[in-house]
Number of protein chains: 2
Amino acid sequence: MTVSLDNFDRKLLVEVQQDAQIPQNELGARVNLSTAAVNRRLRRLVDEGVIERYAAVVSPEKVGCALTIVTMVEVESEQIDLLDAMKRSFAQCPFVQQCYYVAGEWDFVLVLTVHNMDQYTELTRQLFFSNNNVKRFKTLVSMSRVKVGLGVPVSIDE
Amino acid sequence: MTVSLDNFDRKLLVEVQQDAQIPQNELGARVNLSTAAVNRRLRRLVDEGVIERYAAVVSPEKVGCALTIVTMVEVESEQIDLLDAMKRSFAQCPFVQQCYYVAGEWDFVLVLTVHNMDQYTELTRQLFFSNNNVKRFKTLVSMSRVKVGLGVPVSIDE
DNA sequence: TCTGAAAATGGACCTTT
DNA sequence: AAAGGTCCATTTTCAGA
């Protein structure tokens, strides 16, 4: 599952999570490696699945998705097939940015990106009210996205 | 704030959020545009801030960050400077992947990525117990990351 | 690590609406 | 003017020695 990474790999991961467009020679200069070495290492990181993919991060506001909402959901029954169906329905919905199946007071946590409240209301109907395995849900409306990212911490020991 | 996008832009955004490494000529083939036009449009999208950045998505498991945790926090006082200090402390922490300041039963929602429970315990001490503006917090441990991403929905009208 | 070929990016310039 | 297309120079990637 885990992969062994040395400090060069870790430094590269830090850089590349931050900005994937830095050319390999520049990366090399930063971590003290030749362009070719950087190239090989990045390829290996992708091949081994450490780097899952490269993605453009788009600004929700700029495309009119002004509202971020966090919703917690409690289910009626934890029967596997019912849970799977719910997971699928959440995962499929393009407005669901993230979905975690959790242990604790709630069963699911969803992060949603929508254009406005009306759209959220409509979504709750679709995702929650029309699903009779949803016992209750609670809505938290984001007033500020303090930190947003998928960055994974990689510690570098000097 | 919002930017006017035509269908070409939207199609490009869909592709590029999914995979930022598709070469521009291939993108052109997919959306029916020349390489140069794709190049110009992508540049414009970056300049206008629609595309905030390009990032490598790394697998938390592969780098040993096996645990995803969602934490809700309620504050004692909503005094601006206290809130700002909290926001800063959350944003700074490399294990805080996301942080939203929300309205509702809670004040903050955090998504954390940690190596193990011990580390989380240590983090709660650092982030919550040692901050006397934290009234209470609730921990939800993720058992499965059903959907994870920063993808923003862009609808294409044919 | 170095060198060089192949690929991708991005600008110049002309054409269309 | 605004945006597309073709062509060409520059930059970047990536494999072999």
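Every chain is numbered from 1, with letters handed out A, B, ... down the list of sequences. The figures that follow rest on heavy atoms only: side chains count, while hydrogens, waters and symmetry mates do not.
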In whole angstroms, how far is the [atom2] atom of [N] from the [atom1] atom of [X]?
X	N	atom1	atom2	answer
B:Glu48	D:dA2	CD	P	13 Å
A:Leu33	C:dC2	CG	P	12 Å
B:Leu45	D:dA3	CG	P	12 Å
B:Asn25	D:dT6	CG	C1'	14 Å
B:Phe8	D:dG5	CZ	P	8 Å
B:Leu42	C:dG10	CG	C1'	12 Å
B:Leu12	D:dG4	CG	C1'	14 Å
B:Ile22	C:dA8	CD1	P	12 Å

Task: Short side-chain N/O contact to D:dG4 OP1/OP2 from B:Ser34, under 4.0 Å - done: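 Checking D:dG4 against B:Ser34, no side-chain N or O comes under 4.0 Å of OP1 or OP2.
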What's the closest nucleotide to the side chain of [X] if the choices are [options]?
X	options	value
A:Asn39	C:dA8, D:dT13, D:dG4	D:dT13
B:Pro23	D:dG4, C:dT9, D:dC14	C:dT9
B:Gln24	C:dA8, D:dT13, C:dT9	C:dT9
B:Thr35	C:dT9, D:dT13, C:dA12	C:dT9

Task: 4.5 Å side-chain heavy-atom contact, B:Val50 and B:Asp9 - done: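 They are not in side-chain contact.
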Open item on the list: Could you go through A:Tyr100 and A:Phe90, starting from their C-alpha distance and side-chain angles, then the distance that decides it, and tell me whether this counts as ring-ring contact (aromatic ring centres under 6.0 Å, His included)?
Closed with: CA-CA 10 Å; A:Tyr100 304 95; A:Phe90 293 151; over 10 Å; no
TODO: Assign each of A:Gln21 and A:Arg40 to its nearest nucleotide of DNA chain D by heavy atoms, then name whichever residue's nucleotide is nearer the 5' end.
DONE: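 The residue mapped nearer the 5' terminus is A:Gln21.
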Open item on the list: Classify B:Arg43 by what it touches in the nucleic acid, base, sugar-phosphate, or nothing, heavy-atom distance under 4.0 Å.
Closed with: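 It contacts sugar-phosphate atoms only.
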TODO: Could you tell me whether B:Ala36 contacts a base, only the sugar-phosphate backbone, or nothing, with contacts defined as non-hydrogen atoms closer than 4.0 Å?
DONE: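 Base, at least one base atom sits under 4.0 Å.
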TODO: For salt bridge (Lys or Arg N to Asp or Glu O under 4.0 Å), just list the numbers for B:Glu15 and B:Lys11, CA-CA rounded to whole Å, side-chain angles, deciding distance to a tenth of an Å, and then say yes or no.
DONE: CA-CA 6 Å; B:Glu15 296 291 341; B:Lys11 284 182 186 171; over 6 Å; no
- [ ] Give me the one residue out of B:Phe129, B:Trp106, B:Phe108 that meets ring-ring contact (aromatic ring centres under 6.0 Å, His included) with B:Phe137.
- [x]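 Result for ring-ring contact (aromatic ring centres under 6.0 Å, His included) with B:Phe137: B:Phe129.
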TODO: May I ask you to check whether B:Gln79 and B:Asp81 show a side-chain donor-acceptor distance below 3.5 Å?
DONE: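 Indeed, the side chains of B:Gln79 and B:Asp81 share at least one donor-acceptor pair under 3.5 Å.
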Open item on the list: So for B:Arg41 and D:dG4, does any side-chain atom that can act as donor or acceptor lie under 3.5 Å from a complementary atom in the base?
Closed with: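 Per atom types, no contact qualifies.
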